[in-house]
Amino acid sequence: MALTPPLKAQAQTRSFVVPLQCRIETSAWRRCRMVVQQVGRQWSLELDSQRIEFRHDGDGRIRMLRDAMGWRQVDSYWDAEGGLCWGQVCAKGDIPLD
């Protein structure tokens, strides 16, 4: 008989999608989706035809891959409109943080 892992373990090993609102720099908020591969460690945002990848190393450093710019370290912060931002890319909604 196969055992089913606990829900938290499932969430850490299976990707899932969360509908959000996103913006880049000062653009208007628009629909996007977050694809979470590992909560708090590895996720991406899909906005229009663009896919932006994120990796968190567990030591507070977050790297972002956007288009052909290559991986670069970004700071995370909450903006005045309640969005969570990584560099100039922001998202708001039910963002899974842990």
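For the numbers below, each heavy atom of this structure counts, side chains included, while hydrogens, waters and symmetry mates do not. In this chain, residues are counted from 1 in sequence order.
Cluster membership for Val17 and Leu84, using ILVMFWY side-chain heavy atoms within less than 4.5 angstrom, is not shared. Linking ILVMFWY side-chain heavy atoms closer than 4.5 Å, directly or via other members, places Val18 and Ile95 in a single hydrophobic cluster. Taking hydrophobic clusters as Ile, Leu, Val, Met, Phe, Trp and Tyr residues chained together by side-chain heavy-atom distances below 4.5 Å, Ile24 shares a cluster with Trp78.
Across Glu25, Gln21, Arg23, a single residue satisfies side-chain contact (heavy atoms from CB on, under 4.5 Å) together with Cys90, and that is Arg23.
Atom-to-atom distance recorded for Gln38:CD and Arg14:CZ is 14.5 Å, nearest 0.5 angstrom. Going from atom SG of Cys32 over to atom NZ of Lys92 covers 11.0 Å, rounded to the nearest 0.5 Å. Note: Glu53 CD to Ser44 OG = 4.5 Å, rounded to the nearest 0.5 Å. Interatomic distance, CD1 of Ile52 versus SG of Cys22, reported as 7.5 Å (0.5 Å rounding). In this structure, Arg31 CZ and Asp48 CG are separated by 11.0 Å, a value rounded to the nearest 0.5 Å.
Closest of all the heavy-atom pairs between Pro96 and Val39 is O-CG1, 4.1 Å. The two residues Trp29 and Gly83 come nearest to each other via the heavy atoms CH2-CA, 4.1 Å.
Not one N or O on the side chain of Asp59 forms a donor-acceptor pair closer than 3.5 Å with the backbone of Arg61.
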Verdict with supporting geometry, Arg55 and Trp71, side-chain contact (heavy atoms from CB on, under 4.5 Å): CA-CA 9 Å; Arg55 301 292 179 272; Trp71 287 100; 3.5 Å; yes
Full working for side-chain contact (heavy atoms from CB on, under 4.5 Å) between Met64 and Val89: CA-CA 10 Å; Met64 177 175 73; Val89 177; 3.8 Å; yes
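The side-chain contact (heavy atoms from CB on, under 4.5 Å) check on Ile62 picks up Trp43, Phe54, His56, Val74, Ser76, Trp86, with sequence neighbours excluded. Under the side-chain hydrogen bond (donor to acceptor under 3.5 Å, both in side chains) criterion, Arg41 pairs with no residue, sequence neighbours left out.
At least one side-chain heavy atom of Leu47 sits less than 4.5 Å from a side-chain heavy atom of Arg30.
For Asp94, the CG atom is loosely surrounded, since the number of other residues' heavy atoms within 6.0 Å does not exceed 12.
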